[in-house]
Amino acid sequence: MSYPDSYELVFRASTVEDDVVIVRRTERAGASGSPVYEDDTGIVRAEISDRGEVRMLASGGHQAPGMPVTVRSLGA
């Protein structure tokens with residue numbers, strides 16, 4: 001199965017513009033077997049299926065990650 005190398009996750013923000021985070025595929029897989037993606041800081045992590053379904057993953061204690069409003073593949 002082929003997965004994109006990276007995605008843009010767009011989160012609703014209380015400011016004028018939404019927050020856009022770019023996540024890249026890691027070597028890890030999530031509970032469903034889909035790849036885990038993370039941003040450069042390692043704070044934003046998400047398991048993304050081949051159908052673009054997203055499951056946000058906590059990267060630290062007491063973190064409650066929100067769901068993105070849009071997920072865009074950035075290709076291979």
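Here, residue 1 is the first one in the sequence, and each next residue gets the next number.
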- [ ] May I ask you to test the I43-S59 pair for a side-chain heavy-atom distance under 4.5 Å?
- [x] yes

Task: Spacing of R51 atom CZ and S34 atom OG [to the nearest 0.5 Å] - done: 8.0 Å

TODO: Go through the steps for R25 and Y3 under the test side-chain contact (heavy atoms from CB on, under 4.5 Å), then give the verdict.
DONE: CA-CA 8 Å; R25 189 174 60 215; Y3 291 93; 3.6 Å; yes

Open item on the list: Would the distance check show the side chain of T26 and the main-chain N or O of V36 forming a donor-acceptor pair, the cut-off being under 3.5 Å?
Closed with: yes

Open item on the list: I need the minimum non-hydrogen distance between S6 and R24, along with the two atoms involved.
Closed with: CB-CG, 4.0 Å

Task: Side chain D39, main chain V21, donor-acceptor under 3.5 Å - done: no

Open item on the list: Taking the side chain as everything from C-beta on, heavy atoms only, tell me whether E8 gets closer than 4.5 Å to V71.
Closed with: no

Open item on the list: For E47 and S32: C-alpha separation, side-chain torsions, deciding distance, then whether side chain to side chain donor-acceptor pair (under 3.5 Å) applies.
Closed with: CA-CA 8 Å; E47 179 182 359; S32 73; 2.3 Å; yes

- [ ] Please step through side-chain contact (heavy atoms from CB on, under 4.5 Å) for the pair D5 and L74, ending with a clear verdict.
- [x] CA-CA 7 Å; D5 289 334; L74 296 178; over 6 Å; no

TODO: Determine the minimum heavy-atom distance between A46 and M56, stating which atoms define it.
DONE: CB-SD, 3.7 Å

Open item on the list: With clusters defined by side-chain heavy atoms of hydrophobic residues (ILVMFWY) lying less than 4.5 Å apart, directly or transitively, does F11 cluster with M67?
Closed with: yes

Open item on the list: Taking V23 as the starting point, is it possible to reach V54 by hopping between hydrophobic residues whose side chains are less than 4.5 Å apart?
Closed with: yes

TODO: Determine, using the 4.5 Å side-chain heavy-atom cutoff (strictly less than), whether Y37 and L57 are members of one ILVMFWY cluster.
DONE: no

Task: Test item: I48 and P35 side chains (from C-beta on) under 4.5 Å apart, heavy atoms - done: no

Open item on the list: Can you confirm whether L9 sits close enough to V44 that some side-chain heavy atom of one is under 4.5 Å from a side-chain heavy atom of the other?
Closed with: yes

